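Have a look at the structure below before the remarks.
Chain naming here is simple, since letters A, B, ... match the order of the sequence lines and numbering starts at 1 in each. Just so it is clear, the model here is predicted, and its values are computed rather than measured.
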Number of protein chains: 2
Amino acid sequence: MLPTMTPTVPLRSRKAQIDRTATALFRARGFAATSMRELATELGLEAGSLYSHIKSKEEILHRVCFGLAEDFFTDFAVATADASTPVAEKLRQAIEGHVRVLTRDSAASAVFLHEWRHLSEPARTEFLSLRDRYEGSFRALIARGIAVGELHAPDTAFATLTLLASLNWLPSWYRPDGKLTPDEIAHRLAEQLLGGLLTNK
Amino acid sequence: MLPTMTPTVPLRSRKAQIDRTATALFRARGFAATSMRELATELGLEAGSLYSHIKSKEEILHRVCFGLAEDFFTDFAVATADASTPVAEKLRQAIEGHVRVLTRDSAASAVFLHEWRHLSEPARTEFLSLRDRYEGSFRALIARGIAVGELHAPDTAFATLTLLASLNWLPSWYRPDGKLTPDEIAHRLAEQLLGGLLTNK
DNA sequence: CCTACCGATCGGTAGG
DNA sequence: CCTACCGATCGGTAGG
């Protein structure tokens with residue numbers, strides 16, 4: 001038996017590499033316009049070889065979308081866990097948590113925000129109901145803030161919509177190598193958005 | 001010479017029909033995932049027949065994207081034309097103008113906002129520079145409002161970004177048959193967004 | 001506006 | 001992980 005070259009142990013599993021590279025491509029070109037051959041080339045292998053690690057193109061999209069959904073829920077739960085924290089402060093921490101998830105992996109976030117519609121049923125419907133639940137949590141937080149007088153807004157639904165829209169625009173312009181750190185961005189966004197909601201300024 | 005059945009005169013030109021139907025499909029499925037055969041079927045004709053009215057699939061996308069860009073510029077110019085109008089009021093009218101364009105054709109707006117990346121060069125770069133110019137106009141307006149003391153914001157760039165992001169989220173949830181009229185939506189959005197920017201409330 | 005078709009490319013599989 | 005390939009579908013054209 002002859003000794004063979006020990007293959008370089010991949011730092012991340014091949015599957016994780018595929019997910020990461022696919023996510024970047026999905027973000028740049030969109031899910032439908034990204035071909036499995038492009039993805040394979042980017043990874044230095046042949047198209048057919050991908051299928052020893054994944055079952056389908058959509059499987060990747062599914063993992064990215066639902067993985068991020070989980071991240072958003074986790075961070076929101078942490079931000080709002082402490083019962084003694086004032087509502088406005090909970091909202092601030094929820095905003096910062098949301099921004100943290102967005103900046104941690106902005107490619108995956110962009111896919112989460114824009115490519116979910118290429119999920120086939122029933123995943124698509126399931127995804128949308130998760131997203132609705134998440135929006136609902138923010139709306140409830142804002143409504144409670146208004147009820148206890150810490151926040152004010154002419155229309156709760158509009159306030160929630162504009163808040164999340166502002167945050168979710170981030171992956172369109174965020175660059176990890178930009179001047180501001182994720183924490184600074186989170187802080188400024190929170191200032192900007194709470195500025196319009198807080199009763200006492 | 002025998003008289004023949006007079007063909008029904010189309011209310012809109014066939015080309016305009018193609019654009020409208022394609023826009024709805026591009027919005028629902030995305031540009032890349034929409035096939036010319038789907039589009040033809042929707043219009044009740046064969047795929048090949050489309051090409052006596054249009055040159056290519058991308059030509060449609062090009063018309064939609066640049067047509068809407070023109071609409072946004074036109075409405076912004078009208079909103080900010082009068083030199084004697086206070087800056088904050090100009091901003092309010094610019095917001096309402098932007099919302100008016102978005103609600104007038106929300107399918108085209110959604111395509112404008114999300115499908116432009118499927119334009120090939122040089123159209124893509126040209127489009128992005130138009131979009132930058134438009135954003136720049138809003139930023140300049142906000143900056144001037146802060147300079148003269150009518151507006152306040154911790155960060156002009158962030159204020160502009162969150163403002164436009166909030167407005168541009170509208171095509172994602174706007175339904176022409178919803179409870180609120182476009183004017184009411186424009187008004188509430190303006191209230192919500194100016195509420196965080198106005199110096200005197 | 002249709003019929004008939006082109007070459008290219010797609011996601012995915014069989015067998016090794 | 002590769003080679004070789006599958007059937008399906010793509011945008012678009014020629015000729016009428």
Side-chain angles (χ1 to χ4, degrees), chain A residues 4-26 28-65 111 115 117-121 123-124, chain B residues 4-26 28-65 111 115 117-121 123-124:
Chain A
T4 55
M5 301 224 351
T6 43
T8 313
V9 177
L11 290 177
R12 291 177 193 84
S13 75
R14 202 51 154 162
K15 191 169 178 177
Q17 278 182 52
I18 292 173
D19 281 1
R20 278 202 73 77
T21 308
T23 299
L25 286 171
F26 290 169
R29 313 196 200 301
F31 177 79
T34 301
S35 79
M36 297 306 272
R37 275 147 183 93
E38 264 183 300
L39 173 56
T41 302
E42 199 87 8
L43 288 159
L45 39 81
E46 297 301 316
S49 309
L50 290 168
Y51 292 88
S52 28
H53 301 98
I54 59 162
K55 282 191 315 196
S56 70
K57 185 185 180 185
E58 188 179 332
E59 188 203 80
I60 305 174
L61 180 64
H62 190 283
R63 247 195 317 277
V64 174
C65 289
V111 171
E115 304 302 325
R117 60 157 132 207
H118 293 107
L119 291 168
S120 54
E121 296 297 349
R124 190 185 143 116
Chain B
T4 55
M5 301 223 351
T6 42
T8 313
V9 178
L11 289 178
R12 292 178 193 82
S13 75
R14 202 51 154 159
K15 191 169 177 175
Q17 278 182 52
I18 292 173
D19 280 2
R20 278 203 72 78
T21 308
T23 299
L25 286 171
F26 291 169
R29 315 196 199 298
F31 177 79
T34 300
S35 78
M36 297 306 272
R37 276 150 183 89
E38 263 182 301
L39 173 55
T41 301
E42 199 86 8
L43 288 159
L45 38 81
E46 297 302 316
S49 308
L50 291 168
Y51 292 88
S52 29
H53 301 99
I54 59 162
K55 282 190 319 197
S56 71
K57 185 185 180 184
E58 188 178 333
E59 188 204 80
I60 305 174
L61 180 64
H62 190 282
R63 247 196 316 277
V64 174
C65 289
V111 170
E115 305 301 327
R117 59 159 135 202
H118 294 107
L119 292 168
S120 54
E121 297 297 351
R124 189 185 144 116

Should Tyr51(A) be listed as having a side-chain N or O under 4.0 Å from OP1 or OP2 of dT13(C)?
no

One should read off an interatomic distance between Thr23(B) OG1 and Phe31(B) CZ, to the nearest 0.5 angstrom, of 11.0 Å

Rounded to whole Å, CG of Leu50(B) lies from P of dG12(D) at a distance of 10 Å

**OP:** Establish, from distance only, whether the side-chain atoms of Gln17(B) and Arg20(B) form a donor-acceptor pair under 3.5 Å.
**Re:** no

Closest to the side chain of Lys57(A), out of dC2(C), dG12(C), dT3(D), is dG12(C)

From NE2 of His53(B) across to C1' of dT13(D) the rounded distance in Å is 16 Å

Partner of dG16(D) under the Watson-Crick or G-U wobble criteria, both distances under 3.5 Å, comes out as dC1(C)

Between Glu38(A) and Gly48(A), the residue closer to the 5' end of DNA chain C by nearest nucleotide is Glu38(A)

From CD1 of Ile60(A) across to P of dG11(C) the rounded distance in Å is 10 Å

Value for NZ (Lys15(A)) from CD1 (Ile60(A)), rounded to nearest 0.5 Å, stands at 10.0 Å

Whole-Å distance, Leu25(B) CG to dG11(D) P, equals 12 Å

For dT9(D), the nucleotide meeting Watson-Crick or G-U wobble distances (both under 3.5 Å) is dA8(C)

note: Glu46(A), atom CD; dT13(C), atom P; distance rounded to Å ~ 17 Å

CG (Leu39(A)) and OG1 (Thr34(A)) are apart, to the nearest 0.5 Å, by 8.5 Å

Met36(B) CE to dC1(C) P, in whole Å, measures 14 Å

Against the side chain of Ser49(B), the closest entry in dT3(D), dG11(D), dC1(C) is dC1(C)

Sorted by position of nearest nucleotide on DNA chain D, 5' first, the leading residue of Leu45(A) and Arg37(A) is Leu45(A)

Contact class for Ser35(B) (heavy atom, under 4.0 Å): base, sugar-phosphate, or nothing? sugar-phosphate

Value for CG (Leu119(B)) from CD (Glu58(B)), rounded to nearest 0.5 Å, stands at 5.5 Å

Rounded to whole Å, the CZ-C1' distance (Phe26(A) to dG11(C)) equals 12 Å

Leu39(A) CG to dG11(C) P, in whole Å, measures 10 Å

